[in-house]
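Reviewing the structure listed below.
Within every chain, numbering begins at 1; the chains are lettered A, B, ... in the order of the sequence lines, protein sequences first and strands thereafter.
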Amino acid sequence: MIKDDLITLIQQAAKAAQKAGDLPTFDLPAIVVEQPKNAEHGDYATNVAMQSARPARMAPIKIAEQIVRHWPAAPFVGKVDVAPPGFINITLDDGWLAQQVAVIQSNPAAFGNSDVGQGRKAQVEFVSANPTGPLTIGHAWGAVLGDSIASLLQATGWDVTREYYFNNGGRQMRLLGESLQVRCLELLGDYRSIPQDGYQGDYLRWVASTLHAEYGDALAEKDVDFFRTKAVDAIFANIRCTLDRLGIRFDVYYNELDLYETGKVNAAVQALASSGYAYQKDGATWLRATDLGLKQDRVIIKSSGEPTYRMPDIAYHVHKMQRGFDFVVDIFGADHHATWPDVLAGVRALGYNTDGIKVIIHQFITLLRDGQEVKMSTRRGEFVTIDSLLDDITTETIPGKDVMRFTLLTRSPDSSMNFDLDLAVKQSSENPVYYVQYGHARISSILRKATEEGFPPAAYAQGDLSLLTHPSELALLRKMVALPEVIANAAEQLAPHQLSHYAQELATQFHAFYRDCRVVSSDPADRAISLARLRLCEAARIVLARALGLMGVTAPERM
RNA sequence: GUCCCAGUAGCUCAGUGGAUUAGAGCGCUUCCCUGCGGAGGAAGAGGCCACAGGUUCGAGUCCUGUCUGGGAUACCA
């Protein structure tokens, strides 16, 4: 990583200056290297001299000058300048930049990856919707976030498990079974009403008609458990299908029932009791959360003897720890933000360190249709499914998931976004994702054209990269070379939306290069530069495809 | 009431305490097809970064308060 290398160089320079007596002896501050907005200030800058002014008792600009004077040689550094009031500006070496094309080409599938994970086990839990109905727009953000975060972790060396946690037992599911039963009996001419808090959506009618075709009048004899199982099966099949359309594949579907059946919930309850973190009051069992740094104690076993949702969640997270995950990411909607501290407190009470568990809370999407807010409810059967939106925004050449994923990955999870359905459908053809994909398709087209014009890959494989000196070529190279840092930052901050912004900037730089630099030229005198630029194009295509790939967006060769 | 997240261009959103001009897309106004894909490019209009204080050499970014919106405040999940 360039930034890390720079930090090392800065430290070496400062220490050398101290050793030479050009700088007083003092402890260097933590070195911050940033990328200036203004290109005139170089590719990287550090404020270390300003931060050292006080401990060194010296003017920042003087400190900067001494650091630069003792700067060690490094192939990737082209220029080091001092600028008032004490910035050190670093510019990458043009020749080195051009050579990076070869580096990228030598590693097309993994350029930009790093190894901070070192093969350790990470788990990303996301979606985790109970099978009570189809996946809705409300689930989309978590789905896309989770999958891309998982991809980022894989790219940074983690051994990642994508996991979906669900519950197919309990009251909610019994109501689902009863609701399906009502729909089935309807088909047999026996009309009843959906139970209180039952599920009124049409999708249960479709399940019912399938069952009716298979079982006929025998449905009248079936019990609620039968309907519950059938409902869950059908809905899960639908959910998996939707996930598949989004390009999401889970490694593990973990069922809450397993926690009970294998005694894990019970074991956790016992352990909490013997640890003293659980106590009895008003006939219920409480978690002494106030002793764990939280505001109030919480019920974990109701006076009815049933555990609250917190209890299996605690047992589940203990199980995650026991499975040896070094890093766990949970992705929840804003409605869960109050619950996870309790769960983590419970896990801590059982003696586990929860520092490795990160919770990403994404805000809600406000849906608008005809300018009105659409309130969704699975129970009432009022919702907009992911499937239906995908249908609306899919085009002949580009799957709808590209638009959906890219759009969602443009926003920070903290922002509560408005999503206008009419606008989304109408404007999907103007979505920025196409701008990026167009860049990829354009490069692919150039490479195809090159082969036709007598510049096949074998011809440009050895193109002379040192010919890449045009400002637009260098600007493109700078952006390409930034990918490793973008991936590392996005992974560290669990913020995949940085990828979409990067991809747009990269596409912009490519379009500028295309405008300024003729690639395939018929003039024999241009042959050498054509070969070099074809290599650059190929490398740019690789980088663009990687950025898109991490977002789960396709990189089309034609569109 | 208390807690969490937000408030940046007409709209949807980026923005890692830094360096005279705060960015992108969409929308709007003008331009650019006698050579590789115009789903592109060039230029322009459009902002008291919600408001008020504070910290700092330096604040859209940190702290406090106010206002507005969303979420949470269960022996529901």
Side-chain angles (χ1 to χ4, degrees), chain A residues 32-38 40-41 45 47 50 53-54 60 83-87 89 128 130 132 167 170-172 197 256 281-286 295-296 298-310 312-313 333-339 341 361-366 395 397-398 407 410-420 423-424 426-427 429-439 441-450 452-453 455 489 493 495 497-498 500-501 504-505 507-508 510-512 514-523 530 533-534 537 558-559:
Chain A
V32 177
V33 172
E34 58 171 15
Q35 282 142 309
K37 296 180 210 166
N38 189 336
E40 288 171 19
H41 297 138
N47 61 355
M50 272 122 84
R54 192 168 304 210
F87 289 105
N89 294 332
S128 294
N130 284 341
T132 58
N167 178 15
R171 189 182 102 96
Q172 218 187 0
D197 291 336
E256 183 182 319
K281 193 180 91 178
D282 303 334
T285 306
W286 294 68
K295 291 241 168 75
Q296 51 183 312
R298 299 289 186 177
V299 171
I300 48 178
I301 311 262
K302 304 181 212 174
S303 49
S304 66
E306 270 180 303
T308 64
Y309 66 90
R310 280 180 250 270
D313 280 358
D335 55 339
H336 278 69
H337 96 261
T339 73
I361 300 289
H362 64 83
Q363 301 301 306
F364 284 138
I365 300 176
T366 304
T395 69
T397 48
I398 307 291
T407 301
T410 305
R411 274 82 162 167
S412 145
D414 284 338
S415 121
S416 42
M417 59 190 267
N418 290 326
F419 193 87
D420 188 318
L423 221 54
K426 199 165 57 183
Q427 292 191 343
S429 64
E430 280 131 26
N431 194 284
V433 70
Y434 295 123
Y435 178 81
V436 179
Q437 290 184 312
Y438 179 73
R442 194 179 228 183
I443 300 173
S444 304
S445 168
I446 292 170
L447 296 176
R448 281 195 301 272
K449 170 94 175 173
E452 289 166 14
E453 304 282 320
F455 297 90
N489 282 338
Q493 295 163 31
H497 67 280
Q498 293 175 4
S500 66
H501 293 275
Q504 290 183 74
E505 291 163 11
T508 297
F510 180 78
H511 290 310
Y514 175 85
R515 174 196 64 213
D516 295 336
C517 301
R518 175 78 199 178
V519 179
V520 182
S521 171
S522 51
D523 186 342
S530 283
R533 285 175 177 166
L534 282 165
C537 283
R558 291 188 166 83
M559 56 190 285

Q: Check the distance between A72(B)'s P and Phe364(A)'s CZ and give it to me in whole angstrom.
A: 6 Å

**Q.** Same-atom distance (C1') from G15(B) to G23(B), integer angstrom
**A.** 7 Å

**Q.** Which nucleotide in G18(B), A77(B), C75(B) has an atom nearest any side-chain atom of Asn167(A)
**A.** A77(B)

Q) Could you give the CH2-to-C1' distance, from Trp286(A) to C75(B), as a whole number of Å? A) 7 Å

Q) Sub-3.5 Å donor-acceptor pair from the side chain of Arg448(A) to the main-chain atoms of Ala450(A), do we have one? A) no

Q: Name the closest nucleotide to the Val299(A) side chain, picking from C36(B), C75(B), A19(B).
A: C75(B)

Q) Of the nucleotides G41(B), C75(B), C36(B), which one has an atom closest to the side chain of Tyr514(A)? A) C36(B)

Q) Among G37(B), C75(B), G69(B), which is the nearest nucleotide to the side chain of Ser416(A)? A) G69(B)

Q: For the side chain of His501(A), starting at C-beta, report the closest nucleotide among G37(B), G25(B), A14(B).
A: A14(B)

Q.
Distance check needed: A14(B) C1' versus Gln504(A) CD, whole Å only.
A. 9 Å

**Q.** Side-chain donor/acceptor of Asn431(A) to base of A39(B), under 3.5 Å
**A.** no

Q) Among the nucleotides G70(B), G27(B), G37(B), which one has an atom lying closest to any side-chain atom of Glu430(A)? A) G27(B)

Q. What distance, rounded to whole Å, do you find between the two C1' atoms, one in C11(B) and one in G46(B)?
A. 12 Å

**Q.** Euclidean distance, atom CD of residue Gln437(A) to atom P of G37(B) [Å, nearest integer]
**A.** 18 Å

Q | side chain to side chain donor-acceptor pair (under 3.5 Å) partners for Asn130(A), two or more places apart | A | Gln172(A)

Q) When the distance from CZ of Arg298(A) to C1' of C3(B) is rounded to whole Å, what number comes out? A) 11 Å

Q: Considering only atom C1', compute the distance from U68(B) to C26(B) and round it to an integer number of Å.
A: 26 Å

Q: Work out which heavy atom in Cys537(A) is nearest to a heavy atom in Ile443(A); give both atom names and the distance.
A: O-CG2, 3.3 Å

Q.
Using a 3.5 Å distance criterion without hydrogens, assess whether the side chain of Ser416(A) forms a donor-acceptor pair with backbone atoms of Gln363(A).
A. no

Q | Residues Thr407(A), Phe419(A); criterion side-chain contact (heavy atoms from CB on, under 4.5 Å); working and verdict | A | CA-CA 10 Å; Thr407(A) 301; Phe419(A) 193 87; 4.3 Å; yes

Q: Could you tell me the separation between the CZ atom of Arg558(A) and the OG1 atom of Thr397(A), rounded to the nearest 0.5 Å?
A: 12.0 Å

Q) Which whole-number value in Å describes the distance from Phe87(A) CZ to G18(B) P? A) 9 Å

Q. So what does Asp523(A) touch, heavy atoms closer than 4.0 Å: a base, only the sugar-phosphate, or nothing?
A. nothing

Q. Can you tell which of A77(B), A72(B), C75(B) lies closest to the side chain of His336(A)?
A. A77(B)

Q.
Can you see if the side chain of His497(A) gets near the phosphate of G15(B) - specifically, an N or O under 4.0 Å from OP1 or OP2?
A. yes

Q: Name the nucleic acid region contacted by Ala83(A), choosing base, sugar-phosphate or nothing; use a 4.0 angstrom heavy-atom cut-off, strictly under.
A: base

Q: Give, for atom CG of Asn418(A) and atom CG of Leu423(A), the distance between the pair rounded to the nearest 0.5 Å.
A: 11.0 Å

Q: Mind checking the CD-CZ spacing from Glu34(A) to Phe87(A)? Nearest 0.5 Å is all I need.
A: 6.5 Å

Q | P gap between A14(B) and U20(B), integer Å | A | 26 Å

**Q.** G37(B) base / Ser445(A) side chain donor-acceptor hit below 3.5 Å
**A.** yes

Q. Expressed as a whole number of Å, how far does the C1' atom of G69(B) sit from that of A50(B)?
A. 11 Å

Q: Taking atom C1' in both U21(B) and C57(B), compute the distance separating them and give it to the nearest angstrom.
A: 22 Å

Q | Polar pair under 3.5 Å, donor/acceptor by atom type, side chain Asp335(A), base G71(B) | A | no

Q. Using the P atom in both, what is the distance from A9(B) to C51(B), to the nearest Å?
A. 11 Å

Q: Pick the C1' atom in G41(B) and in C36(B), then give their distance to the nearest Å.
A: 15 Å

Q: Return the value, rounded to whole Å, for the distance between atom NE2 of His337(A) and atom C1' of A6(B).
A: 13 Å

Q: Quick one: label Cys517(A) by what it contacts on the DNA or RNA (base, sugar-phosphate, nothing), any heavy atom closer than 4.0 Å.
A: base

Q. Which nucleotide in the set C75(B), C13(B), G18(B) lies at the smallest distance from any side-chain heavy atom of Thr410(A)?
A. C13(B)

Q: State which of G41(B), A77(B), G71(B) makes the closest approach to the side chain of Arg515(A).
A: G41(B)

Q: Classify the nucleic acid contact of Met417(A) as base, sugar-phosphate or nothing, counting any heavy atom under 4.0 Å across all strands shown.
A: sugar-phosphate

(Q) Does Tyr309(A) contact A77(B) through a side-chain donor or acceptor facing the base, at a distance under 3.5 Å? (A) yes

**Q.** Side-chain donor/acceptor contact of Ser415(A) with base of C13(B) under 3.5 Å
**A.** no

Q) Arg518(A) has a side chain; which of G35(B), A72(B), A19(B) sits nearest to it? A) G35(B)

(Q) For A19(B), is there a stacking contact with His41(A), counting only centres under 5.5 Å and planes under 30°? (A) yes

Q. Given atom CD of Gln498(A) and atom C1' of U16(B), what is their separation to the nearest angstrom?
A. 8 Å

